[in-house]
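Written below as structure tokens is the structure these notes are about.
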Amino acid sequence: MDKRSDRVQPVRLSPDFFPLDIHKSMFINDLMITIPSSYVKMWGDVLLARCKKGIWEVNIQYTSPKELGRENYIFPAKLTLSDIKKRNKESSFRLKWDNEFAVQVAKDYPKSFVRALEFHIGDEYYKKLRYTEFDIGGFKEQLQVKIKWKDDKPTIVIKEFFRVKDESQGFPKVFKELSSYLIADYLLSSEDELLRRIQITDWKKRIEITKEVNENNIYILLNREEKKVYFGETKQSLSQRYPLTQKHHSFENWNEYSIIQLPPETSNHTRLLIERVLIAVGSKLFPNFIVKEAPVLDRENGLELQNKKK
């Protein structure tokens with residue numbers, strides 16, 4: 001903020017960076033961008049002449065947005081130069097990455113990720129309207145990218161250029177809560193449809209359980225300090241299963257939880273079977289109330305299983 005006039009200073013592109021609109025191909029299917037030809041020309045004729053068709057294994061030095069603490073990450077990627085018909089050399093550089101980087105950008109820019117999914121899912125609808133991706137969802141967010149060459153080896157630097165602030169996103173809490181499910185469903189996919197729709201949440205504090213609305217879950221309750229763990233299953237959401245005012249029948253002192261969210265079509269029988277398998281495995285590894293044989297791990301080096309029956 002300019003204190004002299006109460007005006008917001010314009011966002012400025014850092015030296016040697018180019019702006020990048022966050023778009024669908026960065027998250028879904030392609031996981032890549034094309035390097036602008038105008039930016040490639042800035043490398044100079046000498047460097048460009050030395051670049052031959054091929055692949056450079058590179059690292060993306062990524063910094064999260066200012067609002068999210070400017071955390072630094074390193075992600076593997078590939079800079080490619082292809083021989084593409086009807087394209088000159090300057091227009092044929094691509095930067096490709098894997099799911100790990102796509103997931104991080106989706107987490108940091110949930111509004112852009114949801115916009116990308118809307119355009120992807122509504123492909124035929126928006127084609128009929130002759131809409132582009134950026135005709136929906138309001139302001140587009142942008143990254144800025146720099147490619148540094150040293151000894152004919154490139155390094156990629158990517159950071160925030162423009163991010164819609166949380167309070168301006170319209171439904172920031174919904175975006176944040178839904179994005180983890182959508183990331184699992186669209187970015188962490190595999191050939192097995194059932195497995196790709198199973199997601200495991202991060203560890204969360206007990207007080208956050210009021211936000212859990214997804215049903216059909218396997219869950220883990222944990223007390224990290226006391227080294228105690230409990231496996232459970234429920235058809236309900238965790239906010240329904242464990243209201244903050246309700247005591248747990250066998251493990252009251254849990255203070256963290258994690259959820260394995262199963263596909264909606266998972267039957268009650270299958271969900272119960274998964275729970276029993278987890279308990280059976282836990283009873284083999286940890287001290288417990290279920291079996292008399294010595295566990296693989298003692299309480300000092302492992303956890304104490306709080307389930308009372310298989």
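If you read the sequence from its start, that first residue is 1, and numbering goes on from there. Everything numeric here is computed off the predicted structure, so don't read it as measured data.
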Nearest atoms (heavy-atom pairs only) where L31 meets A102
CD2-CB, 3.9 Å
According to a hydrophobic-cluster definition based on side-chain heavy atoms being under 4.5 Å apart (Ile, Leu, Val, Met, Phe, Trp, Tyr only), do L221 and F286 belong together?
no
Do I156 and Y109 belong to the same hydrophobic cluster, where Ile, Leu, Val, Met, Phe, Trp and Tyr are linked whenever their side-chain heavy atoms lie under 4.5 Å apart, directly or via other members?
yes
Look at the rings of Y126 and Y131 and say which category their plane angle falls in: under 30° parallel, 30 to 60° tilted, over 60° perpendicular.
parallel
So that I can tick it off, tell me whether D83 and K53 are bridged by a salt bridge, with the cut-off set at under 4.0 angstrom between side-chain N and carboxylate O.
no
If you measure only the distance, is there a donor-acceptor pair under 3.5 Å linking the side chains of T63 and N72?
yes
Test side chain to side chain contact (heavy atoms under 4.5 Å, CB included) applied to L262 and I218, N217, N214, the passing residue
I218
Student check: side-chain heavy atoms of F231 and N307 closer than 4.5 Å
yes
Take R163 and K66 through the side chain to side chain contact (heavy atoms under 4.5 Å, CB included) test and state the conclusion after the steps.
CA-CA 9 Å; R163 179 181 186 271; K66 179 180 179 181; over 6 Å; no
Just how far is it from atom CZ of F18 to atom NZ of K146, taken to the nearest 0.5 Å?
12.5 Å
Side chains of F75 and I158: closer than 4.5 Å at any heavy-atom pair?
no
Side-chain donor/acceptor of N223 to backbone N/O of E225, under 3.5 Å
yes
Can you tell me how far apart CD1 (I22) and CD (E160) are? Round to the nearest 0.5 Å.
9.0 Å
Near L244 CG, under 6.0 Å, is it more than 12 heavy atoms from other residues, nucleotides or ligands?
yes
Walk me through whether T80 and K96 qualify under side chain to side chain contact (heavy atoms under 4.5 Å, CB included).
CA-CA 8 Å; T80 67; K96 302 181 179 181; 4.2 Å; yes
Is there side-chain contact between F162 and Q144, with heavy atoms separated by less than 4.5 Å?
no
Can you see which heavy atom on N59 is nearest to which on P76, and at what distance?
OD1-CA, 4.1 Å
Just so I know, are the side chains of L305 and F289 near enough to count as touching, which here means a heavy-atom distance under 4.5 Å?
no
Of all heavy-atom pairs between S91 and S37, which one has the smallest distance, and what is that distance?
OG-CB, 3.5 Å
Go through W149 and C51 one step at a time and tell me if the side chain to side chain contact (heavy atoms under 4.5 Å, CB included) criterion holds.
CA-CA 11 Å; W149 289 88; C51 292; 4.0 Å; yes
Check whether any side-chain heavy atom of I55 sits under 4.5 Å from a side-chain heavy atom of L79, and report yes or no.
no
I need the single residue from R271, R276, R241 that forms a side-chain hydrogen bond (donor to acceptor under 3.5 Å, both in side chains) with E233. Which is it?
R271
d(L68 CG, R70 CZ) to nearest 0.5 Å is 11.0 Å
Please say whether the positively charged group of K159, taken as NZ for Lys or CZ for Arg, lies over the ring of F17, i.e. under 6.0 angstrom from the six-membered ring centre and within 45 degrees of the axis.
yes
From E215 CD over to Q261 CD, what is the distance, rounded to the nearest 0.5 angstrom?
11.0 Å
Does atom NZ of K284 have more than 12 heavy-atom neighbours from other groups under 6.0 Å away?
no
Nearest heavy-atom approach of I147 to Y39 is N-OH, 3.0 Å
Quick one: does L81's side chain get under 4.5 Å of K89's, heavy atoms only?
yes
Just say parallel, tilted or perpendicular for the rings of Y242 and Y219, cut-offs at 30° and 60°.
perpendicular
Quick check: is L129 connected to L117 through a chain of hydrophobic side chains (ILVMFWY, heavy atoms under 4.5 Å apart)?
no
Crowding at CZ, R130 (>12 non-hydrogen neighbours, <6.0 Å)
no
Looking at A116 and F27, what are the two nearest heavy atoms and their distance?
CB-CD1, 3.8 Å
Do K235 and N268 make a side-chain contact, defined as non-hydrogen atoms from C-beta onward lying under 4.5 Å apart?
yes
How close do W203 and L222 get, counting heavy atoms only, and between which atoms?
CZ3-CB, 3.7 Å
Gap between atom CG of L303 and atom CD1 of I220 - 0.5 Å precision:
10.0 Å
Any ion pair linking E141 and K165 (charged N to carboxylate O, less than 4.0 Å)?
no
Residues R224, E256: salt bridge by 4.0 Å N-O rule
yes
Neighbour count >12 (heavy atoms, 6.0 Å) for atom CG, D135
yes
Do Y62 and F101 come within less than 4.5 Å of each other through their side chains, counting heavy atoms only?
yes
Working to the nearest 0.5 angstrom, can you tell me the gap between L48 CG and M42 CE?
13.0 Å
Please report the C-alpha distance between R115 and F134 in whole Å, then the side-chain angles of each, then the deciding distance to 0.1 Å, and finally whether the side chain to side chain contact (heavy atoms under 4.5 Å, CB included) criterion is met.
CA-CA 8 Å; R115 181 214 298 269; F134 299 114; 4.0 Å; yes
